[in-house]
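Single-structure report; data block below.
Values in this document were obtained by computation on a predicted structure and should not be read as measured data.
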Amino acid sequence: MTDLSSINPECLWDLKGILLEGATWDAERAVLWFVDIKKRYIHRLDPNTGTRDTWGAPDQPGFVLPRQGGGLVVGMPHGLHQFDPATGSFAPLVSVETDRTGNRLNDGFTDATGRVWFGSMDDAEKADSGAFYRWTGGEPARILDGICITNGPATSPDGTILYHTDTLAQTVYAADILPDGSIANRRTFAKIGENDGYPDGMAVDSEGCVWVALFFGQSIRRYAPDGTLLGAVPMPVSNITKLAFGGPDLRTVYVTTASKGLSDQERMEQPLAGGLFSFQSPVAGLPPAKVRA
């Protein structure tokens with residue numbers, strides 16, 4: 001296994017973004033989708049041609065997920081929406097948390113069966129008003145509640161374990177996924193040190209190891225399935241928000257970052273903050289799935 005500390009990520013797209021998030025690989029089209037939550041943009045990169053596309057969103061997009069029937073599912077405050085990149089149009093699919101007016105949707109993931117796992121959060125990052133949901137069509141099922149900033153839903157290669165982060169608590173959790181889609185036996189998977197940053201988005205590789213992006217942590221950590229820290233990829237900027245395995249062999253890791261929260265001095269020292277980065281992984285990721293609903 002390559003020493004992760006020797007990896008040198010490169011900036012692919014210097015977007016000067018505020019809060020890039022939601023990196024998602026679309027294997028069918030060989031493109032990467034991601035968002036800038038605060039600028040209300042949806043971005044697409046074609047690594048083969050270098051083509052870059054950007055669409056404006058009507059509200060803050062937390063995630064963008066390719067859909068089996070065409071188009072993409074976008075999570076925005078108080079609902080899931082169908083997005084058609086051909087026309088740039090959005091159509092509502094289902095309402096979420098219309099009673100939690102200060103919340104927005106934050107991070108989402110499609111598991112191998114096509115189910116969507118996503119979270120909400122207090123947009124002011126103060127109240128524990130966020131929750132986690134599972135969506136297979138119809139009304140989303142709330143599976144967890146009482147978290148300020150939800151992040152990083154991902155599942156184990158066999159689909160029996162859900163991983164998620166409570167960002168402000170600096171904790172990554174694991175839970176068993178039961179046959180009916182509910183979860184049980186939620187437990188601490190990894191605890192981030194007080195001065196080591198905040199766990200944000202994550203991805204699981206083909207060996208079942210969990211890669212965790214650290215906001216204010218300037219790195220991506222790789223944990224064994226038992227929670228043992230195996231190593232970390234150093235990043236040239238502080239705020240790492242999400243990663244996705246892509247490319248033809250699923251060994252290219254795409255990384256979204258943010259400039260949000262940086263001081264003027266830190267912005268000068270990190271001119272690429274808010275950019276999209278990539279590096280080559282010594283191990284492949286899991287094949288991405290499309291939303292079934």
Side-chain angles (χ1 to χ4, degrees), residues 9-77 79-93 104-110 114 116 118 200-201 203 213 235-237 239-260 271-280 285 287-291 293:
E10 64 171 330
C11 185
L12 293 180
W13 192 349
D14 182 13
L15 279 153
K16 310 295 183 192
I18 299 175
L19 185 56
L20 301 189
E21 251 286 10
T24 303
W25 181 249
D26 183 339
E28 181 182 347
R29 294 174 176 80
V31 297
L32 183 83
W33 293 93
F34 60 104
V35 302
D36 187 327
I37 296 173
K38 293 304 177 182
K39 286 189 175 182
R40 302 185 179 187
Y41 287 148
I42 294 174
H43 297 296
R44 180 178 65 188
L45 172 69
D46 184 331
N48 294 319
T49 65
T51 302
R52 303 169 176 182
D53 298 294
T54 298
W55 295 262
D59 209 332
Q60 298 181 90
F63 56 85
V64 54
L65 303 172
R67 198 177 186 192
Q68 285 182 12
L72 300 102
V73 175
V74 178
M76 290 188 287
L80 302 179
H81 298 257
Q82 168 83 3
F83 169 59
D84 180 359
T87 62
S89 62
F90 294 81
L93 291 169
R104 64 171 174 84
L105 302 190
N106 191 46
D107 201 355
F109 162 78
T110 308
V116 176
F118 68 93
D200 206 305
M235 294 292 297
V237 297
N239 299 342
I240 320 305
T241 58
K242 183 84 171 183
L243 68 145
F245 288 87
D249 58 0
L250 296 177
R251 288 178 180 262
T252 301
V253 178
Y254 296 96
V255 184
T256 51
T257 69
S259 62
K260 181 179 182 290
L272 296 177
L276 175 72
F277 291 79
S278 78
F279 61 86
Q280 292 302 303
K290 291 194 173 186
V291 178

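- Atom OG1 of Thr252 and atom CD of Gln280 lie 3.5 Å apart (nearest 0.5 Å).
- Annotation: side chain of Ser259 is not in contact with side chain of Val237 (no heavy-atom distance under 4.5 Å).
- Scanning for ring pair (Phe, Tyr, Trp, His ring centres under 6.0 Å) contacts around Tyr254 gives Trp25, with sequence neighbours left out.
- To the nearest 0.5 angstrom, Leu20 atom CG is 13.0 Å from Lys38 atom NZ.
- Electrostatic pairing of Lys16 and Asp14 counts as a salt bridge here, judged by a charged N lying under 4.0 Å from a carboxylate O.
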Apply side chain to side chain contact (heavy atoms under 4.5 Å, CB included) to Gln60 and Leu19, showing your working.
CA-CA 10 Å; Gln60 298 181 90; Leu19 185 56; over 6 Å; no
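- Asp53 is not listed as a side-chain neighbour of Asp46, based on a closest heavy-atom distance of 4.5 Å or more.
- With hydrogens and angles ignored, the 3.5 Å screen pairs no side-chain donor or acceptor of Trp33 with any backbone N or O of Pro66.
- Going from atom CZ of Arg67 over to atom OG1 of Thr110 covers 11.0 Å, rounded to the nearest 0.5 Å.
- Taking 4.5 Å as the limit, every side-chain heavy atom of Thr257 sits out of range of all side-chain heavy atoms of Asn239.
- Closest non-hydrogen pair, Ala213 versus Leu243, comes out as N-CD2, 4.1 Å.
- By the ring pair (Phe, Tyr, Trp, His ring centres under 6.0 Å) test, Phe279 pairs with no residue at all, sequence neighbours left out.
- A heavy-atom distance below 4.5 Å is not found between the side chains of Pro61 and Phe90.
- Residues Tyr41 and Leu15 form no side-chain contact, since every pair of their non-hydrogen atoms from C-beta on lies 4.5 Å or further apart.
- The CZ atom of Phe245 lies 9.5 Å from the CZ atom of Arg251; values are rounded to the nearest 0.5 Å.
- Expressed to the nearest 0.5 Å, how far CG of Asp200 lies from CD of Glu21 amounts to 5.0 Å.
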Go through it in stages, so that I can follow the logic: the residues are Leu12 and Leu45, the test is side chain to side chain contact (heavy atoms under 4.5 Å, CB included), and I'd like the CA-CA distance, side-chain angles, deciding distance and then a yes or no.
CA-CA 9 Å; Leu12 293 180; Leu45 172 69; 4.0 Å; yes
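- When every heavy atom of His81 is checked against every heavy atom of Pro92, the shortest pair comes out as ND1-CA, 3.6 Å.
- Residues passing the ring pair (Phe, Tyr, Trp, His ring centres under 6.0 Å) test with Phe118 are Phe63, Tyr133, sequence neighbours excluded.
- Inter-residue side-chain proximity for Phe277 and Leu272 is flagged as met; some heavy-atom pair is nearer than 4.5 Å.
- Nearest heavy-atom pair across Gly201 and Asp107 is CA-OD2, 3.8 Å.
- Expressed to the nearest 0.5 Å, how far CD1 of Ile18 lies from CZ of Arg40 amounts to 10.5 Å.
- With contacts defined as side-chain heavy-atom distances shorter than 4.5 Å, the pair Leu32/Leu276 qualifies.
- A donor-acceptor distance shorter than 3.5 angstrom exists from the side chain of Thr24 to the backbone of Val64, with no hydrogens or angles considered.
- Side chains of Asp26 and Lys290 form a contact here, defined as non-hydrogen atoms less than 4.5 Å apart.
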